[in-house]
Amino acid sequence: MTGPAGPGGMPNILALDGYGTSRPPDVPLRYRLSSNENSYPPLRSVVEAISAAAATPNLYPPLVPYALTGRLAADSGVDPENVWVGAGSVAVLEQLIRGFAGPGDEVIFGWRSYEAYPIIIGAAGAVPVPVPLIGHDQDLAAMARRVGPRTRVVILCNPNNPTGTALSPGLLRTFVAGLPADCLLILDEAYREFVPARSAFDGTELLRSHANVAVLRTFSKAHGLAGMRVGYAISAPAIIDVLGRVALPFTVGRMAIAAASASLDQHTQIQAQVQETVRERDALIQLARGLGLPVSASAANFLWLSIGTDSGAFTERCAAASIGVRCFPLEGVRITVGSAQANAAVADVLNEYAGVLDLWTGVPDV
Ligand SMILES: Cc1ncc(COP(=O)(O)O)c(C=O)c1O
């Protein structure tokens, strides 16, 4: 017996890779550094806000969280009509792709980058156009050359996941200026809070001169609210209007809204945590560099080791030390910056790995 056939014209869903769903390990690992989560315990005021919002599970949340939207708009120096809140920035990304790219339309992105991009594009029936990175960086020149009449959307990930590198603000401005006005640029800034001041870029700057840009931000990383699911887009009102039309209703829950709002009140504390994460990240990068390991210049809350064929063995070594990391077989390993204790455990594995390099595959593939 065969299952239900997809309606005519639908993409072949079974050809999509699906989001990386590795089975949880049999023995839980002590340090979870595989998903770029924030390792700080939740702030007390945030937990209190969530508890208060939990008192009315029988009620739908507001269709549009106007207060949070207004607050985010004010913080970004834009109008509420420029902001759209969704259940995580990946949900808003999905709405953007669904709203702007249909069957046959091309969507360009650097690769390797955030693994949800090709899945979301393919599920919308559009054509994913991955443009290889140069080293650890998105190749803006090659991406610009690839834009053609069928290109509807370009996604830039700044900083890029998993390599962590930030785009040069100058090159980014030039890229946007050369993009056709009918092509949407999605600037995914999920990790922007961790970018060092010297290469920091605020994507909302582009909104002043370009009506075809959407900036994505999230509460999942710097704010440590990945489990609450809150992200948002900042863009031109015409684009926000499309999001309002394609979004499913009531997906941003009351507790999520309360958590995000309470977290915005704790700006100083969040900033301090981010600074500490950045300090720990830079110390690990320095250590890896000192050991001669191929580590990228990450501007995010994770490290990227491009150790090629060693990636699997390195990941196993981490698991043996009770550290969960993200392995991209034959490419590299991504390690989230965690607590001081977790980072010390990572440092031990890096030291050990550098010491036995020749016992594994010899020189790592850079
Ligand atoms: C580049 C990038 N964009 C978006 C997301 C999704 O974040 P959210 O939790 O806001 O959906 C992630 C999550 O890891 C990410 O790495």
Side-chain angles (χ1 to χ4, degrees), residues 20 22 24-44 136 159-166 190-191 193-196 220-227 268-308 310-329 331-361 364 366:
S22 49
D26 296 333
V27 181
L29 300 178
R30 184 147 175 219
Y31 305 116
R32 178 170 150 142
L33 306 181
S34 52
S35 299
N36 299 340
E37 292 154 332
N38 183 324
S39 63
Y40 282 93
L43 299 176
R44 193 206 301 203
H136 296 134
N160 189 44
N161 174 8
T163 55
T165 50
Y191 301 96
E193 291 89 344
F194 304 98
V195 179
S220 296
K221 310 299 178 180
H223 285 271
L225 294 177
T268 309
Q269 216 155 338
I270 298 291
Q271 265 305 104
Q273 293 181 356
V274 166
Q275 287 318 315
E276 186 56 17
T277 300
V278 164
R279 209 188 54 70
E280 293 269 335
R281 173 197 72 204
D282 291 346
L284 282 172
I285 290 178
Q286 215 173 349
L287 169 72
R289 279 197 186 135
L291 293 168
L293 300 176
V295 63
S296 69
S298 175
N301 68 341
F302 51 84
L303 304 191
W304 170 250
L305 292 174
S306 41
I307 51 177
D310 270 5
S311 304
F314 182 87
T315 302
E316 280 171 25
R317 181 65 204 89
C318 286
S322 210
I323 306 168
V325 298
R326 183 67 208 279
C327 179
F328 296 85
E331 290 182 61
V333 175
R334 193 190 65 200
I335 310 171
T336 308
V337 177
S339 63
Q341 212 180 7
N343 301 334
V346 169
D348 287 345
V349 176
L350 291 175
N351 275 308
E352 185 189 336
Y353 171 58
V356 297
L357 262 185
D358 54 335
L359 295 183
W360 290 0
T361 57
V366 183

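The structure presented is a predicted model; accordingly, all values stated were derived computationally and were not measured.
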Atom CD of E276 with >12 non-hydrogen neighbours under 6.0 angstrom = yes

When rounded to the nearest 0.5 angstrom, what is the spacing between [atom1] in [X] and [atom2] in [Y]?
X: R32; Y: S39; atom1: CZ; atom2: OG; answer: 12.0 Å
X: S311; Y: L305; atom1: OG; atom2: CG; answer: 8.5 Å
X: D310; Y: T315; atom1: CG; atom2: OG1; answer: 10.0 Å
X: N38; Y: E193; atom1: CG; atom2: CD; answer: 10.5 Å
X: D348; Y: R317; atom1: CG; atom2: CZ; answer: 9.0 Å

Quick one, [X] and [Y] - any side-chain contact, counting heavy atoms below 4.5 Å?
X: L291; Y: Y353; answer: no
X: T165; Y: P159; answer: no
X: L284; Y: N343; answer: yes
X: R289; Y: V295; answer: yes
X: F314; Y: L350; answer: yes

Would you say S296's side chain and H136's backbone share a donor-acceptor pair under 3.5 angstrom?
-> no

Determine yes or no for a side-chain-to-main-chain donor-acceptor pair under 3.5 angstrom, with T336 supplying the side chain and G338 the backbone.
-> no

Taking all atoms of both residues into account, what is the closest heavy-atom pair of [X] and [Y], and its distance?
X: A222; Y: I270; answer: O-CG2, 3.6 Å
X: R334; Y: V325; answer: O-CB, 3.7 Å
X: Y31; Y: A345; answer: CE1-CB, 3.7 Å
X: R281; Y: V337; answer: CB-CG2, 3.7 Å
X: V333; Y: I307; answer: CG2-CD1, 4.0 Å

Is it the case that N36 and R326 place a side-chain donor and acceptor less than 3.5 Å from each other?
-> no

How about F302 and F194: are their ring centres within less than 6.0 Å of each other?
-> no

